[in-house]
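Some notes on the structure that comes next.
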Amino acid sequence: MNLKKLTRDIDFADKVEELSGQSLNACIQCGTCAAGCPFVEDMDILPERVFKHIILGDIEKVLEHNTMWICAACYTCSVRCPRDIDIAKIMEAVRQIVLRANIDRAEVDEVDNMEELPQLAVVGCFRKETG
Amino acid sequence: MEDSYLYYPGCTLKTKAKDYESSAMKVMEELGRPLVEMDDWYCCGAMQSLTEDDIMHQIAPIRTMCCAQEQGEEKVVTLCDMCYNVLKQANERMKENEDDLETMNDFLDEDPDYEGEVEVHHLLEILLEMKDEIEDAVTNSLDDLNIAPYYGCMLLRPDNVAIDETEDPEMMEEILGSLGAEVIENPKRTECCGSYHTVNRSDIVEKRVEDIVSYAVNEGADAIVLSCPLCQFNLDFHQRATEFELPVFYITELIALALGLDIEMENHKIDPISLLEEKGIKE
Amino acid sequence: MNEDKNEEDEEQEMVEIFVMGKRYEVPEGLTIMTALEYAGYKFTRGCGCRGGFCGACSTVYRTEEDYKLKMDLACQTAVEDGMFLVQLPFMPAVREEYEIEKVDPEEHDNVLLDHYPEVARCVSCNTCTKSCPQDIEVMDYVQAALRGDIERTAELSFDCIQCGLCSIRCPADIKQYHMAQMARRIYSKYEQPDSDELAKRVKEIEEGKYDEEMEELANMAEEELKKRYDERDIVEEG
Ligand code: SF4
Ligand code: SF4
Ligand code: FES
């Protein structure tokens with residue numbers, strides 16, 4: 001991943017807050033988000049760790065883990081957070097920072113099984129994983 | 001038109017989920033409130049784009065709102081949960097945020113402005129309202145069928161688009177009750193099916209499916225019922241990675257069967273017919 | 001205009017255009033293509049039929065009055081005063097390979113998406129439709145393709161001349177015209193009735209009906225060939 005391209009001139013935490021409209025400092029590290037997330041077992045690090053890294057400006061730590069890509073925007077955490085942080089939006093902001101640097105996650109030309117897949121799955125995947 | 005509903009199909013309902021569309025059409029026709037497809041509509045995008053500055057990905061849903069407006073309608077009805085979620089979120093965003101609406105209308109300069117008056121509904125809302133009519137129309141009660149409703153995410157979250165209690169929905173339970181079916185509680189009924197990961201991370205979806213289906217089976221379900229083409233695909237197709245073989249129905253298929261309507265079931269991977277025959281619901 | 005024409009001696013009205021940033025004065029009323037030739041350019045690519053059919057002469061321009069980037073066919077569009085333009089000699093887009101015998105939509109209803117998966121990225125911005133010199137509803141045929149509606153994709157794109165202009169500003173990087181061509185081919189192969197006329201003509205060719213005439217043309221001197229072309233008449237076969 002081209003970190004230079006991603007990080008030029010941006011303050012990572014500010015950018016995440018700007019794109020998500022959420023305040024990272026509101027997080028009290030209670031872990032409610034991870035407790036309800038149906039995808040945690042596939043995440044390298046838990047959502048609240050991601051916030052910690054963002055707040056500390058440790059962009060490498062955020063990007064080298066897969067958490068934001070495993071998040072499927074199911075909003076379970078968003079509706080349960082006691083501090084009303086819309087966590088799905090934070091994950092989206094991090095994804096967007098990468099995608100907007102022209103680095104795709106999904107390989108558009110490598111979808112197997114297109115014969116079976118319902119179109120909306122492909123549309124949704126490309127929305128979240130290509131820029 | 002007073003007694004019909006303006007119907008937004010979405011990209012998948014004409015092919016991979018045509019069983020859902022055709023059964024819904026038949027049911028609504030039978031109940032005297034037919035679904036009439038919009039003259040024009042655009043793929044909603046399936047997953048709502050959530051960044052504050054993202055207007056581009058709101059274009060498609062708002063174009064569709066404009067189409068409804070130009071047809072002189074105030075209500076759009078979707079069958080697909082993902083379409084419901086995206087259309088509703090985008091529409092609410094425009095209603096709540098005048099600046100966004102203005103930006104949108106500036107961009108859509110070749111079309112009339114969107115006034116922000118259209119309302120997005122999911123068919124389940126309408127079916128619930130018509131619960132008593134449905135009950136009266138049942139000719140083929142689903143008595144012996146133990147059904148576990150599955151809601152997934154998009155009908156219930158985020159809060160501003162929820163059509164039922166976020167943590168404890170009951171709509172499908174109520175509708176199933178009017179069909180005579182036995183409702184099975186599945187504690188996993190509001191947990192994500194794995195969604196679009198089905199495209200490139202089947203392993204994740206398989207784990208989700210295993211979890212959801214195993215609970216339904218343990219509670220004694222004969223089948224799962226839901227209202228979303230992506231959930232249907234994931235729970236149906238990816239069950240092959242599990243030890244289970246639980247048919248996965250669209251809610252409109254069950255209603256159609258209970259109303260004695262003849263429906264095609266071609267999109268199913270797990271055979272739904274044997275179960276229906278065994279329970280005497282279908283010859 | 002007419003008056004100008006009558007007064008032969010009067011100077012031709014000139015307009016100012018900018019070709020790749022360089023200023024030229026060219027006579028009003030020329031097409032972009034002839035104006036470029038007037039200005040001294042010679043077309044080695046980006047020009048074909050000169051009649052609006054081949055799609056080779058895509059051009060991109062802006063005018064002083066309008067903020068919008070415009071696209072058109074150079075052979076069909078008149079120069080305007082204050083036009084900033086450039087020719088696009090070629091549209092980079094890869095055409096997917098497939099065997100027409102193996103793309104039956106009855107068996108595979110996502111067949112277009114399978115070959116052109118980026119169709120799933122369409123955001124309905126309508127940029128493609130606005131770019132099309134043939135006034136085709138490009139966005140609508142892309143949307144039809146996503147729904148698996150091959151017939152509608154084929155019908156809406158019927159007038160496409162493969163110029164590729166729709167694809168150059170698509171934020172989703174869709175190769176609309178190649179995808180639509182595939183849809184038309186599938187549609188003709190699997191949905192439309194076979195054409196008796198075509199079968200008849202192919203048979204005639206195979207039986208050598210036109211061999212003699214082809215031979216004659218192939219051996220003709222260039223001058224004679226040009227003359228024949230200019231004098232040609234299109235006759236309907238009885
Ligand atoms: S559809 Fe695209 S390639 Fe075809 S004529 Fe229009 S702009 Fe050109
Ligand atoms: S330009 Fe591309 S994204 Fe926009 S409507 Fe056309 S195909 Fe869709
Ligand atoms: S030269 Fe053929 S379309 Fe212009």
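The chains referred to below are lettered A, B, ... by the order of the sequence lines, with proteins before strands, and numbering in each begins at 1.
Within a 6.0 Å radius of CG in D66(C), more than 12 heavy atoms belonging to other residues, nucleotides or ligands are found. Taking a 6.0 Å sphere around CZ of F53(C), one finds it holds 12 or fewer heavy atoms contributed by other residues, nucleotides or ligands. More than 12 heavy atoms of other residues, nucleotides or ligands sit less than 6.0 Å from atom OH of Y190(C). The local environment of CG in D194(C) is sparse, with at most 12 non-hydrogen atoms from other residues, nucleotides or ligands closer than 6.0 Å. The environment of CD in E191(C) is crowded: more than 12 heavy-atom neighbours from other residues, nucleotides or ligands sit within 6.0 Å. Remark: E245(B) CD is loosely packed, at most 12 non-hydrogen atoms of other residues, nucleotides or ligands lying under 6.0 Å away. Within a 6.0 Å sphere centred on CD of E74(B), heavy atoms belonging to other residues, nucleotides or ligands number 12 at most.
Contact count against chain B (heavy-atom pairs under 4.5 Å) is highest for R147(C) among R147(C), M139(C), Q143(C). For chain C, the option among P61(B), C44(B), G45(B), C11(B) with the highest count of heavy-atom pairs below 4.5 Å is C11(B).
The two residues M56(B) and P171(C) have their closest heavy-atom pair at SD-CB, 4.1 Å. Across every non-hydrogen atom of K130(C) and E110(B), the tightest pair is CE-OE1, 3.4 Å. Shortest non-hydrogen contact noted between S124(C) and C43(B) is OG-O, 4.5 Å.
The distance from atom CG of L113(C) to atom OG1 of T15(B), rounded to the nearest 0.5 Å, is 9.5 Å. Interatomic distance, OG1 of T12(B) versus CG of N110(C), reported as 8.0 Å (0.5 Å rounding).
Within the 4.5 Å cutoff, no side-chain heavy atoms of V123(C) are placed close to those of R63(B). Looking only at side-chain heavy atoms (C-beta outward), Y42(B) and C122(C) stay at 4.5 Å or farther from each other.
The pair D109(C)-K16(B) meets the salt-bridge criterion, with a side-chain N (NZ, NE, NH1 or NH2) lying under 4.0 Å from an Asp/Glu carboxylate O.
Contacts between N126(C) and chain B at a heavy-atom distance below 4.5 Å involve backbone atoms as well as side-chain atoms. Heavy atoms closer than 4.5 Å to chain C are found nowhere in D111(B), neither backbone nor side chain.
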